[in-house]
2 protein chains.
Amino acid sequence: MGKVLVIGCGGVAGVAIQKCAQNDAVFDEICIASRTVSKCDALKEKLEGKTKAKITTAQVDADNVPELVELIKKVQPDVVLNLALPYQDLTIMDACLETGVHYVDTANYEPEDTAKFEYKWQWAYREKYEKAGITALLGSGFDPGVTSVFSAYALKHYFDEINYIDILDCNGGDHGYPFATNFNPEINIREVSAKGSYWEDGHWVETEPMEIKREYDFPEVGKKDMYLLHHEEIESLALNIPGIKRIRFFMTFGQSYLTHLKCLENVGMTSIEPIMYEGKEIVPLQFLKAVLPDPSTLGPRTKGKTNIGCIFIGKKDGKEKKLYIYNTCDHQECYKEVGSQAVAYTTGVPAMIGAMLVMNGTWQKPGVFNMEEFDPDPFMDALNKWGLPWKICENPELVD
Amino acid sequence: MGKVLVIGCGGVAGVAIQKCAQNDAVFDEICIASRTVSKCDALKEKLEGKTKAKITTAQVDADNVPELVELIKKVQPDVVLNLALPYQDLTIMDACLETGVHYVDTANYEPEDTAKFEYKWQWAYREKYEKAGITALLGSGFDPGVTSVFSAYALKHYFDEINYIDILDCNGGDHGYPFATNFNPEINIREVSAKGSYWEDGHWVETEPMEIKREYDFPEVGKKDMYLLHHEEIESLALNIPGIKRIRFFMTFGQSYLTHLKCLENVGMTSIEPIMYEGKEIVPLQFLKAVLPDPSTLGPRTKGKTNIGCIFIGKKDGKEKKLYIYNTCDHQECYKEVGSQAVAYTTGVPAMIGAMLVMNGTWQKPGVFNMEEFDPDPFMDALNKWGLPWKICENPELVD
């Protein structure tokens, strides 16, 4: 039994908080804090009468360490679950350090001005967290997060060594619009226009944006085109999985989605440089967001499933072995349960589980850790229990 | 020698006025009138010292008949050359009728709320113009305009009867942008999203938008994809060319252009319904125009040629005969001469020629007429003289 302080109240936080409320045998108190307290209050109201957990709300500016420290001191949580913006990881880690409270997040820190997905800023807190005797659990979403737990689980139970990991993230959902984004189109565009990279033989190999394309026949979804991207969990898995030779990350994008994005980029509609329009500065990307369907309205219309998982190739008892561990998640069922589609659901559920395991001591260890550094079994059990059951497939179709 | 009143001062008018000024043996006085008199004054200044023609300017609202009548009475032109918006054809025709002055335009009237390209509104003035003893010459641009003169010329000199006409409008110019429009994107979108139609065996045949696609190897341009569209000159040619069985109109569009237009349409950026943005109504299409390159800046960067012409199949002395008459026009040369690229140039030059022939009596006849109803020879000579020389090709490649 314990108390969680959740910072942030967006789509993923909404799912995580509802799952904490469902799990009221563990979370007997939940404090929801964000810049916009009315969003927290609305969620509290929605949960009223549906949970035995006590729910409180608070206003906080997550960029402001003293304000965070004051809030943590007042709430006295057992764990802080950071679901604010990635730009705010370090301020929240600082506040946890100052107050001696465990820390969990889902996405690694990135400076606001440069989109650099790297762990170095957060890993720099290792010694401080060790000395303070508190745990920081980094990246407890799906990818990163569950993908690392799958890797640790495969290593523990199926392999003596893992040599190849392909992480496949497939969204087979269809919202019925010719084009719409699940979240900020700016982040979509960064993903698509950034160089890709993968880990091979001890170093990074960089690719041109969207250079490496493969087709894969996803269980329960079907054939989809997918593209190699850089992704943050590769960095820690490369260090923590013995015998690893190559790690790649692929994400599915439909041709129509990519074509629309490219055209919008070509005409300047994705630019973040303001233009003068009738005497007023307007950022084209902001105007585009206003024209596009509001991501929050996609939930009820999105049909189909996500499939996220890892394909492992390695050795067991001297023989080559192949294994595929994945979860499929149905957009409509997620929407029925928590009012969000599967993209938010698959991140929010592991966030709750990470907070639970740190809070109840199962995953406590002074320092800063990535997901694959803990015993995967309790996390894997919790995934089955809390809405993200996984499957294991031996001898799966491989990616070239 | 005579006086022309040009109404309008956009891209096409700019070319027509410069060509009138070059042709100062015929036009000894040019009055330029538009809603924005500063544009007229700027053009007047540009021409100062380069022509013997006297140039004056005036402010006029072309929607307002009494204002137009007052202007015409004051200026006392021999001919009014209407290069304002197509919505304004009827008010200007009314004013010419009231003042007894000849009328020339380049594009048929369309009601502002429905994009219906039909001559019926202007043909309804036939009797009134006849009684008033004045000439209205409709559609003295390139297409419509020169394409009809080509048809009359082919009939007069090469055929006993013409059975098939394919009008081919190719813009082989490249401005170096992934996407930009030569003029109002709204009109581009209407063209592409409207149903197509052609004339066959005495009636219209309607097609789905962009349903009929052909490739053609244009002289001096090369192979281009072209699409069947409705176009206004088909309506009058179907009545005025004896023996005609089929008339089609094709325009070239690049795949990239069409893809961009479709994507912008799909996301709602071409909508003319305002959306609320930061407390203010903004029309997405208007904002898109502000983001796209200004069409007036395309001139200096556009390279390549246009090729517009007609392929005729008919009979001469009982034998089948095929003929292709076309003009090619170089964007860069046009820009050097008049500061506009070929799209405005190919419309502005025939406008000047039409005004000249009506003014000097060569093409005078009381009533309302389309281009093919007059003797084509003086117009064809003038095209060669004033910058749009044409070529005749026997046995050309045909369109399926």
Side-chain angles (χ1 to χ4, degrees), chain A residues 36 174-189 192-193 209-210 225 253-298 301-302, chain B residues 36 174-189 192-193 209-210 225 253-298 301-302:
Chain A
T36 316
D174 181 9
H175 45 58
Y177 288 114
F179 183 77
T181 56
N182 286 315
F183 49 103
N184 190 330
E186 190 180 348
I187 295 180
N188 280 232
I189 289 155
V192 173
S193 59
M210 312 299 272
D225 289 334
F253 294 98
Q255 194 48 55
S256 166
Y257 175 89
L258 295 175
T259 301
H260 280 79
L261 209 52
K262 192 74 204 160
C263 287
L264 291 167
E265 202 182 348
N266 280 342
V267 303
M269 279 308 301
T270 60
S271 168
I272 54 172
E273 284 296 311
I275 65 157
M276 285 307 291
Y277 183 79
E278 291 183 356
K280 202 179 151 190
E281 285 202 335
I282 294 184
V283 172
L285 183 60
Q286 299 296 333
F287 186 81
L288 176 62
K289 275 162 78 174
V291 170
L292 290 176
D294 180 345
S296 71
T297 65
L298 298 179
R301 358 182 344 133
T302 304
Chain B
T36 316
D174 182 8
H175 45 58
Y177 289 115
F179 183 77
T181 56
N182 286 314
F183 49 102
N184 191 331
E186 189 181 347
I187 295 181
N188 281 231
I189 289 154
V192 174
S193 59
M210 313 298 272
D225 289 333
F253 294 99
Q255 194 49 55
S256 165
Y257 176 89
L258 295 176
T259 300
H260 280 79
L261 210 51
K262 191 74 205 163
C263 288
L264 291 167
E265 204 183 344
N266 280 343
V267 303
M269 279 308 301
T270 61
S271 166
I272 54 171
E273 284 297 313
I275 65 157
M276 285 308 291
Y277 183 80
E278 290 183 0
K280 201 180 150 190
E281 284 202 336
I282 294 183
V283 172
L285 182 61
Q286 299 295 333
F287 187 81
L288 176 62
K289 275 163 78 173
V291 170
L292 290 176
D294 181 343
S296 71
T297 65
L298 299 179
R301 6 184 334 139
T302 304

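Keep in mind that this is a model prediction, so the values were computed, not measured. Residue numbers start from 1 in every chain, and the chains themselves are labelled A, B, ... in the order their sequence lines are given, proteins ahead of strands.
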**Message:** For a side-chain contact (heavy atoms from CB on, under 4.5 Å) check, start with the C-alpha distance between Lys280(A) and Glu278(B), then their side-chain angles and the critical distance, and finish with the verdict.
**Reply:** CA-CA 11 Å; Lys280(A) 202 179 151 190; Glu278(B) 290 183 0; 3.4 Å; yes
**Request:** Show your reasoning for whether side-chain contact (heavy atoms from CB on, under 4.5 Å) applies to Phe179(A) and Val267(B).
**Result:** CA-CA 6 Å; Phe179(A) 183 77; Val267(B) 303; 3.7 Å; yes
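The minimum heavy-atom distance linking Tyr277(B) with Ala290(A) is given by the pair CD1-CB, 3.7 Å.
In this structure, CG in Leu288(B) is found 9.5 Å from CG in Leu264(A), a value given to the nearest 0.5 Å.
Listed by chain and number, the residues in a side-chain contact (heavy atoms from CB on, under 4.5 Å) with Asp225(B) are Lys213(B), Glu215(B), Tyr227(B) (sequence neighbours excluded).
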